[in-house]
Amino acid sequence: MADHDTLCGWGDKEKVAYFFANADTLIPKRHEQLTFLVDLFFWQPEEPIAVLDLGAGFGAITAEILTRYPHATVTCVDGSEEMMRLARERLAKDGERVHLHFADLANSSWQVNLRGPFHAAVSGIAIHHLPDERKRELYHEVFALLLPGGLFLNNDAVTTPALLKERFEAIQYGEIQEQ
């Protein structure tokens, strides 16, 4: 029996390269989403917060956090070697402020050897790839890694209710075409 692809194709270099080159078009209002996610942080910009980026990919959210919070550290977790390679290149200038943690969120072992606890955990368009039961487990695992009063923000795709599906798709495709 073949192994199940828990990365949903994100181990494929060509898929990653295509997404990296086209992310701003494929995800309508992507920059606005990333900005809004960090806007929801309630810390002052000079605070030395520790953040966990789940399914960090090539480090888009991490880069936004590090720009807005110059004393923050971010631990990036991803199971795609190619995404981690891109993140390493993109975030190299941030040195010790970034920790790359190669692990698959589909397995509860992803959290072994993490440098926590964290003030916040973030994720952008990654967790939806997991089965529902694993999502519930992951949410509990993340909660256990947060400091009291910590924040978990998940910017992700969700199932569109049938009544809104046609309208949502029209808006989404219109945004992609406009870009």
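Worth saying up front: this structure is predicted, and the values here are computed from it rather than measured.
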Stepwise side-chain contact (heavy atoms from CB on, under 4.5 Å) test for His99 and Val74: CA-CA 6 Å; His99 309 285; Val74 181; over 6 Å; no
Taking everything shown except [X] itself, do over 12 heavy atoms lie less than 6.0 Å from its [atom1]?
X	atom1	value
Arg115	CZ	no
Tyr139	OH	yes
Glu166	CD	no

Tell me if a side-chain donor or acceptor on [X] pairs with a main-chain N or O of [Y] at a distance below 3.5 Å.
X	Y	answer
Asp53	Thr75	no
His101	Leu52	no
Asp78	Ser80	yes
His119	Ala50	yes
Asp104	Gly79	no

[X] to [Y] - nearest heavy-atom pair and separation:
X	Y	answer
Pro70	Pro45	CD-O, 3.3 Å
Leu54	Phe152	CD1-CE1, 4.0 Å
Leu146	Ala121	CD2-N, 3.8 Å
Ala87	Gly57	CB-O, 3.5 Å

Residue that, paired with Leu86, satisfies side chain to side chain contact (heavy atoms under 4.5 Å, CB included) out of Glu89, Arg90, Met84: Glu89
Would you compute the distance between atom [atom1] of [X] and atom [atom2] of [Y] and round it to the nearest 0.5 angstrom?
X	Y	atom1	atom2	value
Leu153	Phe36	CG	CZ	9.0 Å
Lys135	His129	NZ	NE2	10.0 Å
Asn154	His128	CG	NE2	10.0 Å
Leu34	Asn155	CG	CG	7.0 Å
Leu138	Asn107	CG	CG	11.0 Å
Leu91	Leu66	CG	CG	6.5 Å

Do [X] and [Y] land in one hydrophobic cluster if side-chain heavy atoms of ILVMFWY residues count as linked below 4.5 Å?
X	Y	value
Val38	Val98	yes
Val77	Phe102	no
Val112	Leu145	no
Leu100	Val51	yes
Leu40	Ile49	yes

Arg134 and Glu141 ion-paired at < 4.0 Å: yes
Charged N-O contact under 4.0 Å between Arg68 and Glu64: yes
Can you confirm whether [X] sits close enough to [Y] that some side-chain heavy atom of one is under 4.5 Å from a side-chain heavy atom of the other?
X	Y	answer
His71	Glu46	yes
Leu130	Leu105	yes
Trp43	Leu151	yes

Test log, rule side-chain contact (heavy atoms from CB on, under 4.5 Å), inputs Arg85 and Glu82: CA-CA 5 Å; Arg85 183 188 68 74; Glu82 187 62 12; 2.6 Å; yes
Aromatic ring pairing Phe41/Tyr69, orientation class (parallel under 30°, perpendicular over 60°, tilted between): tilted
